[in-house]
Peer 1: 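One structure coming up, written as structure tokens, with questions to follow.
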Amino acid sequence: MRYRHRVLALLFFLSVITYIDRVCIGVASPRMQEELGITPAKWGLVLGAFAISYAAFELPSGALGDRIGPRKVLMRIVLWWSAFTSLTGAATSYLHLLVCRFLFGAGEAGAYPNSSGAIARWFPAHERGRAQGVVWMASRVGGAISPLVVVPIQAHFGWRVAFWLFGAIGLVWAVVWFWWFRDNPAEKPGVTSAEMEEIRGGGAAVQVHHKIPLGKLLSSGNLWLIMAMYFTYCYASFFYLSWMPTYLVKGRGFSEADMAWFATLPFILGGTANFFGGWASDVAVRRMGLKWGRRVCAAGGLTASAIFTIAAAVTPDKILAVVFLALGYAGSDFMLPTAWALCLDIGKKYAGSVTGAMNTAGQLGSFSTAALFGFLVERFHSYNLPLVPMSLLTLVSAILWLKIDATRQLVPETAEPR
């Protein structure tokens, strides 16, 4: 096995742990709301506190990874979020939980930009879409595992124990990562000269850079389009990580036990779509060129997602609603690896900064849906109505992809092999 594939394996497990921790609160939410006396609108703010702090610290954490490397930054991130995952299980009031989730988001910010930075250093350009597909597929594995693990744990030991257990798992990963990983492949004993040539010959960034071109970031119209695209995508996507378990129990009448199984379906289909979406994007780039190869896969997936989401909102059948939602998540996830590969295409050695900027905008979208979903439920007494703006914004995201150009680099460099 090549060493870059071992790096990818570590990033795979990081992504699994990340989403187990994120989805855990969504699965536990019906019990937590009842025990702590939190209304739907206030619960939306609890979920949104994570997203808004994540957004605030995403770009600085991504830029820090560009400057000092993802080895140190990812270790710090995982140690921080593991601590606040455990502290979530100790929450005794609405205010306590609100503060804890805000700090959780601040600490986890930068996890995926720094994963992308590691991919940019270790993988040639023509493998990055697939590498991103594997990382994001792993996140959906974590999302699928979480309900199946959390529900029986909270049934036997209470919801708090699940957070304590998941917090401990992250500590193990952080130790292994810092001990084994190196920012520069040339510094890793065992990497052969043949693999180094594959990495460098494919245009991977293997150096750590210090100066972040903030002026270039802010003046790039292409990047602003990417940020708008990701904002609209995340508005819909965050529903699955936050509100979906509550939607199934309170909006569609599933029991808690049934919810655990049905809540896994979107993540199973989403994980599959991530894997094939990354592969399809790389194939399309080879056949159609970088600009349209990235556009076609992404816009097609998002358009399908918008159609399935509105279908879920209008169908009276609760089983069919879950199927439509799962297909909607699969459609948007088919796009996801392409979006992160796109940031490496235009960002090059500043991949952490570009992905950080994109994900900052995305988390603002996540905050919007976290807060507005609960507000709309209380205002209109419907769990289906909030799915309508999700569908519309997903369609807007698809349209924005037709204006994004993956060939327009943030800082022009020597062209990479296509």
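All of these numbers come straight from a predicted model, not from anything done at the bench.
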Peer 1: According to salt bridge (charged side-chain N to carboxylate O under 4.0 Å, His left out), does anything in residues 389-410 pair up with another residue at least two apart or in another chain? List the pairs.
Peer 2: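 Residue pairs with at least one partner in residues 389-410: Lys291-Asp405.
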
Peer 1: Does Lys318 make a cation-pi contact with Phe254 (under 6.0 Å, within 45 degrees of the axis)?
Peer 2: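 Judged by the rule, Lys318 and Phe254 form a cation-pi pair.
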
Peer 1: Could you point out which residue of Tyr235, Phe231, Tyr230 forms a ring-ring contact (aromatic ring centres under 6.0 Å, His included) with Tyr233?
Peer 2: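 Single ring-ring contact (aromatic ring centres under 6.0 Å, His included) partner of Tyr233 among Tyr235, Phe231, Tyr230: Tyr230.
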
Peer 1: How many angstroms lie between atom CG of Leu36 and atom CD of Glu34, to the nearest 0.5 angstrom?
Peer 2: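 Separation between the atoms: 10.5 Å.
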
Peer 1: With a 4.5 Å limit on heavy-atom distance, are the side chains of Trp340 and Ile119 in contact?
Peer 2: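 Not touching, per the 4.5 Å side-chain cut-off.
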
Peer 1: Could you grab the distance from atom CG of Asn274 to atom OG of Ser332, nearest 0.5 Å is fine?
Peer 2: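 The CG atom of Asn274 sits 8.5 Å away from the OG atom of Ser332.
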
Peer 1: Check the side chains of Arg252 and Tyr383 for a donor-acceptor pair under 3.5 angstrom, ignoring hydrogens and angles.
Peer 2: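 No.
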
Peer 1: Taking it one step at a time, do Trp401 and Leu342 satisfy side-chain contact (heavy atoms from CB on, under 4.5 Å)?
Peer 2: CA-CA 11 Å; Trp401 262 104; Leu342 167 72; 3.6 Å; yes

Peer 1: Would you compute the distance between atom CG of Leu387 and atom CG of Leu392 and round it to the nearest 0.5 angstrom?
Peer 2: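 Reported value, rounded in 0.5 Å steps: 11.0 Å.
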
Peer 1: How about Glu108 and Thr18: does a side-chain donor come under 3.5 Å of a side-chain acceptor?
Peer 2: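 Result is no, nothing qualifies.
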
Peer 1: Are the side chain of Ser15 and the backbone N or O of Leu11 linked by a donor-acceptor pair below 3.5 Å?
Peer 2: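 Such a contact is absent between Ser15 side chain and Leu11 backbone.
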
Peer 1: Under the ring pair (Phe, Tyr, Trp, His ring centres under 6.0 Å) criterion, do Tyr329 and Phe267 qualify, and how do the steps go?
Peer 2: CA-CA 8 Å; Tyr329 200 42; Phe267 294 103; 5.5 Å; yes

Peer 1: Tell me yes or no: between the side chains of Ser305 and Thr394, is some donor less than 3.5 Å from an acceptor?
Peer 2: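 No.
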
Peer 1: Is it true that the side chains of Thr338 and Ser281 contain a donor and an acceptor less than 3.5 Å apart?
Peer 2: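 A donor-acceptor contact under 3.5 Å links the two side chains.
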
Peer 1: Ring centroids only, cut at 6.0 angstrom: are Phe276 and Phe334 within range, meaning strictly under it?
Peer 2: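 That pair fails the under 6.0 Å test.
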
Peer 1: To the nearest 0.5 Å, how far apart are CD in Glu58 and CE in Met358?
Peer 2: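 Glu58 atom CD to Met358 atom CE measures 8.5 Å (nearest 0.5 Å).
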
Peer 1: Flag the pair Val175 / Trp180 as yes when at least one side-chain heavy-atom distance between them is below 4.5 Å, and no otherwise.
Peer 2: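 Not touching, per the 4.5 Å side-chain cut-off.
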
Peer 1: Do Trp243 and Tyr247 have ring centroids that are under 6.0 Å from one another?
Peer 2: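 Between Tyr247 and Trp243, the centre distance exceeds or equals 6.0 Å.
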
Peer 1: Run Ile307 and Leu395 through side-chain contact (heavy atoms from CB on, under 4.5 Å) and show every step you take.
Peer 2: CA-CA 8 Å; Ile307 293 170; Leu395 185 59; over 6 Å; no

Peer 1: May I ask you to say whether Arg71 pairs ionically with Asp183, meaning some side-chain N is under 4.0 Å from a carboxylate O?
Peer 2: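 Here Arg71 does not pair with Asp183 in a salt bridge, since their nearest N and O are not under 4.0 Å apart.
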
Peer 1: Between Pro337 and Gly277, which heavy-atom pair has the shortest distance, and what is it?
Peer 2: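 For Pro337 versus Gly277, the nearest heavy atoms are CG-C, 4.4 Å.
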
Peer 1: Okay, side chain of Thr369, backbone of Gly365: is any donor-acceptor separation there less than 3.5 Å?
Peer 2: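 Flag not set: sc Thr369 to bb Gly365 has no pair under 3.5 Å.
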
Peer 1: Could you go through Asn359 and Gln363, starting from their C-alpha distance and side-chain angles, then the distance that decides it, and tell me whether this counts as side-chain contact (heavy atoms from CB on, under 4.5 Å)?
Peer 2: CA-CA 6 Å; Asn359 211 21; Gln363 296 314 308; 3.3 Å; yes

Peer 1: Relative to Tyr3, does Lys188 satisfy both conditions: NZ or CZ under 6.0 angstrom from the six-membered ring centre, and within 45 degrees of the ring's axis?
Peer 2: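 Lys188 over Tyr3 ring: no.
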
Peer 1: Rounded at 0.5 Å granularity, tell me how far OG in Ser146 sits from CZ in Arg22.
Peer 2: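 Those atoms lie 12.0 Å apart.
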
Peer 1: Report all side-chain donor-acceptor pairs from residues 160-173 shorter than 3.5 Å, counting only partners two or more places apart or in another chain.
Peer 2:
| unit_1 | atom_1 | unit_2 | atom_2 | d |
| --- | --- | --- | --- | --- |
| Arg160 | NH1 | Gly89 | O | 3.0 |
| Arg160 | NH1 | Ala91 | O | 2.5 |
| Arg160 | NH2 | Glu35 | OE2 | 3.0 |
| Arg160 | NH2 | Ala91 | O | 3.0 |
| Trp164 | NE1 | Ser86 | O | 3.1 |
| Trp173 | NE1 | Leu10 | O | 2.9 |

Peer 1: Describe, in one word, how the ring planes of Tyr112 and Trp136 are oriented to each other, choosing from parallel (under 30°), tilted (30 to 60°) and perpendicular (over 60°).
Peer 2: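 It falls in the parallel class, under 30°.
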
Peer 1: Could you list all the ring pair (Phe, Tyr, Trp, His ring centres under 6.0 Å) pairs where at least one residue sits in residues 44-71, not counting sequence neighbours?
Peer 2: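 Counting only pairs at least two positions apart or across chains, the ring pair (Phe, Tyr, Trp, His ring centres under 6.0 Å) contacts touching residues 44-71 are Phe50-Tyr54, Phe50-Phe104.
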
Peer 1: Before you tell me yes or no, could you show the steps for Trp80 and Phe84 under ring pair (Phe, Tyr, Trp, His ring centres under 6.0 Å), namely the whole-Å CA-CA distance, both residues' side-chain angles and the distance that decides it to 0.1 Å?
Peer 2: CA-CA 7 Å; Trp80 182 292; Phe84 281 96; 5.6 Å; yes

Peer 1: For residues Trp81 and Asp21, determine if any side-chain heavy atom of one lies less than 4.5 Å from a side-chain heavy atom of the other.
Peer 2: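 Yes. Closest side-chain heavy atoms under 4.5 Å.
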
Peer 1: Atom CE of Met259 and atom NZ of Lys250: how far apart are they, to the nearest 0.5 Å?
Peer 2: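 So the CE of Met259 and the NZ of Lys250 are separated by 11.0 Å.
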
Peer 1: Decide yes or no on side-chain contact (heavy atoms from CB on, under 4.5 Å) for Val27 and Trp159, but give the supporting numbers first.
Peer 2: CA-CA 9 Å; Val27 177; Trp159 59 268; over 6 Å; no

